[in-house]
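Before any comments, here is the structure.
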Amino acid sequence: EAQTITPQEKKNTDGPFVSKVPYNDLCSLFEEIEKTSSRLSIIKLCSDFMIKIMKEDNRNLIPVTYLCINKLGPDYMPGMELGLGEGLLMKTISESCGKSLSQVKLEYKDTGDLGQVAMTARSIQPTMFKPKPLTVGEVFQNLQLIASSQGKDSQTRKIKLIKRMLTACEGVEAKFLIRSLESKLRIGLAEKSVLISLSKALLVNEYEQNKNIDTELIETAEQKIRNAFCQVPNYEIIINSCLEYGIMELETHCSLRPGIPLKPMLAKPTKAITEVLDTFQGQHFTSEYKYDGERAQVHLMPDGTMRIYSRNGENMTERYPEINIHDFVKDSDETKTLILDCEAVAWDKEQEKILPFQVLSTRKRKGVDIKDIKVRVCLFAFDILCLNDTKLINHPLRERREILHSVTKMVPGEFQYATELTTNNIEELQKFLDESVNHSCEGLMVKMLDGEESQYEPSKRSRNWLKLKKDYLDGVGDSLDLCVLGAFFGKGKRTGKYGGFLLGCYNQDTGEFETACKIGTGFSDELLQQLYDRLSPTVIDGPKATYVFDASAEPDVWFEPTVLFEVLTADLSLSPIYKAGSATQDRGISLRFPRFIRLRDDKGVEDATSSEQVIEFYESQTHIQN
Ligand code: ATP
């Protein structure tokens with residue numbers, strides 16, 4: 001991390017800064033947000049609070065932002081996850097609030113909210129002396145300590161820290177402290193709303209005296225911050241850059257760099273080659289094999305080391321010990337840093353061919369020893385995003401490709417380039433699509449080749465990249481990745497396991513999961529057993545406040561959202577029961593004849609197919625268009 005952040009970006013949090021904002025103030029904000037349903041009002045509450053705490057000290061904004069999104073740092077940094085187990089928290093609440101464990105358990109069963117249990121327990125507990133009130137800074141630091149604590153005594157250390165904080169909690173503080181520890185703030189505050197609030201607060205802080213802050217200016221600021229976040233997903237760096245250089249200068253000072261995984265560009269689905277030709281009419285485009293593996297963003301760091309990040313920005317370097325960047329960088333003296341976009345694919349060394357995705361997924365995710373590797377991986381590179389600290393994402397794809405080829409070299413079976421073809425002839429494209437499938441690929445990625453449209457757009461699901469998946473040409477053009485929200489007990493052969501699951505998409509505006517279908521097809525008995533073992537510990541007493549469902553489609557058990565299923569559907573239809581897209585449409589949309597394909601462990605639950613995408617899929621169907 002030290003190598004990737006400039007002193008200016010670190011400046012505001014350097015030294016012993018501990019925010020003195022009373023934790024109680026932040027919790028009162030949470031309480032108010034919890035009671036508010038309008039998104040605009042929530043944003044107002046949140047941004048007003050941010051403006052207020054910045055008046056005291058700008059630096060307060062960083063811990064407050066993180067606590068609002070219930071995170072402790074950037075997603076790509078390890079040791080930042082809370083999500084403490086119920087068991088540990090119940091024990092701690094019982095010990096520090098003078099209640100028996102069975103009483104705590106009973107109350108938890110009644111309310112389904114450990115935060116509530118802790119708050120009630122604290123409120124009736126007589127206190128001999130009043131401890132000093134908690135501050136945001138202290139709580140943030142303690143949460144970081146708790147999240148990063150590992151090893152033999154870590155459990156004891158965690159409990160001690162939580163107890164110390166709990167004893168100092170007043171009123172609603174205990175409720176939100178416990179919920180934060182569980183990583184379940186559940187006040188209906190989506191990260192998107194926090195980002196908007198943050199933009200507004202930074203803007204007011206910068207311009208208050210001398211500029212009229214209208215909606216247009218807020219939208220510009222928001223866009224700038226959002227763009228910066230796609231390249232540098234780190235609130236600390238972004239906030240500090242805004243404070244140092246001004247929001248409008250963010251682009252110049254805060255852009256992608258080796259050591260920080262940028263959000264990958266994504267593709268839109270298409271259902272036919274003719275659709276591709278229609279979209280790219282008269283423009284230069286190029287097609288590449290769409291490899292079926294895992295996305296790998298490869299970084300060469302200034303110190304010569306390599307890092308490989310997953311689609312989610314997780315550092316996966318340990319997963320691929322057989323990959324050495326210096327084997328395929330042509331000239332290590334000339335090339336000091338780079339960022340490549342690749343797909344890591346399982347590779348059969350003897351037969352020199354690609355193996356299916358299922359083979360890759362048998363590899364361990366962490367701590368892989370090179371001696372134990374049975375399934376080798378080959379990287380298929382398709383883009384270069386940064387070279388020697390120069391960002392290339394705004395260069396046309398044609399140029400990026402040339403640079404990619406000029407600074408790297410092919411090493412068969414280890415580092416290759418995505419097979420490409422530049423043609424707009426429909427027969428040639430059809431042949432290329434068939435060929436890709438014969439080479440164990442999923443189909444094609446078709447990309448704009450020249451001009452502004454061919455720039456790399458971090459995080460964006462862009463029209464300038466189209467995916468053409470051979471298997472899905474008959475359905476809606478793509479599979480969907482849906483979150484498992486609940487399950488139905490199995491009958492007959494499936495007794496004792498779950499026989500069906502309730503799935504939902506994610507609404508990025510509201511932070512809610514909207515039900516989309518019930519699924520029971522595509523599972524082997526063995527898989528059902530594995531799913532039972534994995535999901536049963538995540539059962540919750542009732543649906544979460546963020547689940548949007550109809551009472552007629554209630555499952556036998558509800559889960560915490562932790563797992564995504566990739567599913568195929570025959571088509572999408574309007575539904576009286578399911579709720580996908582219902583926040584913006586009269587009726588919800590559901591999947592017809594859904595079929596399980598695989599687990600999507602490389603995606604977080606918030607990366608599930610969005611409600612917006614479901615609506616797009618629905619509307620793109622021929623019979624709807626007609
Ligand atoms: P989505 O969120 O779009 O569903 P996904 O992870 O399910 O994303 P796909 O929709 O199947 O992925 O397609 C995009 C992915 O295809 C990329 O994230 C990348 O991992 C992979 N890929 C394989 N070959 C290429 C290529 N030539 N160019 C770009 N991406 C490729």
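Order of listing sets the numbers, starting from 1, for every ligand and every atom in it.
- The closest protein non-hydrogen atom to atom 24 (N) of ligand 1 is Y291 N, 3.0 Å.
- Using cut-offs of 30° and 60° on the angle between ring planes, the pair H405 and Y417 is tilted.
- A tilted orientation is assigned to the rings of F432 and Y289, their planes being inclined by 30° to 60°.
- The aromatic rings of Y309 and H299 stand perpendicular to each other, their planes meeting at an angle above 60°, with 30° marking the opposite boundary.
- The protein non-hydrogen atom at the shortest distance from atom 30 (N) of ligand 1 is F382 CZ, 3.4 Å.
- Residue-level proximity to ligand 1 for D481 is carried by the side chain, the only part with a heavy atom below 4.0 angstrom.
- Heavy atoms of K467 found under 4.0 angstrom from ligand 1 belong exclusively to the side chain.
- Residue R295 touches ligand 1 through backbone and side chain together, judged by heavy-atom distances below 4.0 Å.
- Between the side chains of N315 and T317, at least one donor N or O sits under 3.5 Å from an acceptor N or O.
- For ligand 1, none of its N or O atoms has an N or O atom of E294 under 3.5 Å away.
- Between F285 and F280, the two ring planes are tilted [angle within 30° to 60°].
- Because its NZ or CZ atom is both nearer than 6.0 Å to the ring centre of F357 and within 45° of the ring axis, R598 counts as a cation-pi partner of that residue.
- From the protein, the heavy atom lying nearest to atom 20 (O) of ligand 1 is E343 OE1, 2.3 Å.
- Using a 4.0 Å cutoff on heavy atoms, F380 does not count as a contact of ligand 1.
- Under the 6.0 Å cut-off for aromatic ring centres, F523 and F501 qualify, their centroids lying closer than that.
- The shortest contact between atom 16 (O) of ligand 1 and any protein heavy atom is with K290 NZ, 3.1 Å.
- For the atom pair CG of L591 and CG of L572, the computed distance is 5.0 Å after rounding to the nearest 0.5 Å.
- Using a 4.0 Å cutoff on heavy atoms, K469 counts as a contact of ligand 1.
- The aromatic rings of F415 and F328 sit parallel to each other, their planes meeting at less than 30°, with 60° as the upper class boundary.
- Salt-bridge formation is not detected for the pair D348/K353: no Lys NZ or Arg NE/NH1/NH2 atom is positioned less than 4.0 Å from an Asp or Glu carboxylate oxygen.
- Of all the listed residues (E442, E288, R600, E420), R600 holds the heavy atom that lies closest to atom 5 (P) of ligand 1.
- Counting heavy atoms under 4.0 Å from ligand 1, residue M445 touches it through the side chain alone.
- Here the protein heavy atom with the shortest distance to atom 28 (N) of ligand 1 is K447 NZ, 2.9 Å.
- In this structure, K603 is part of the shell of residues with a heavy atom less than 4.0 angstrom from ligand 1.
- Among all protein heavy atoms, the one lying closest to atom 8 (O) of ligand 1 is R311 NH2, 3.2 Å.
- Residue D602 places no N or O, backbone or side chain, under 3.5 Å from any N or O of ligand 1.
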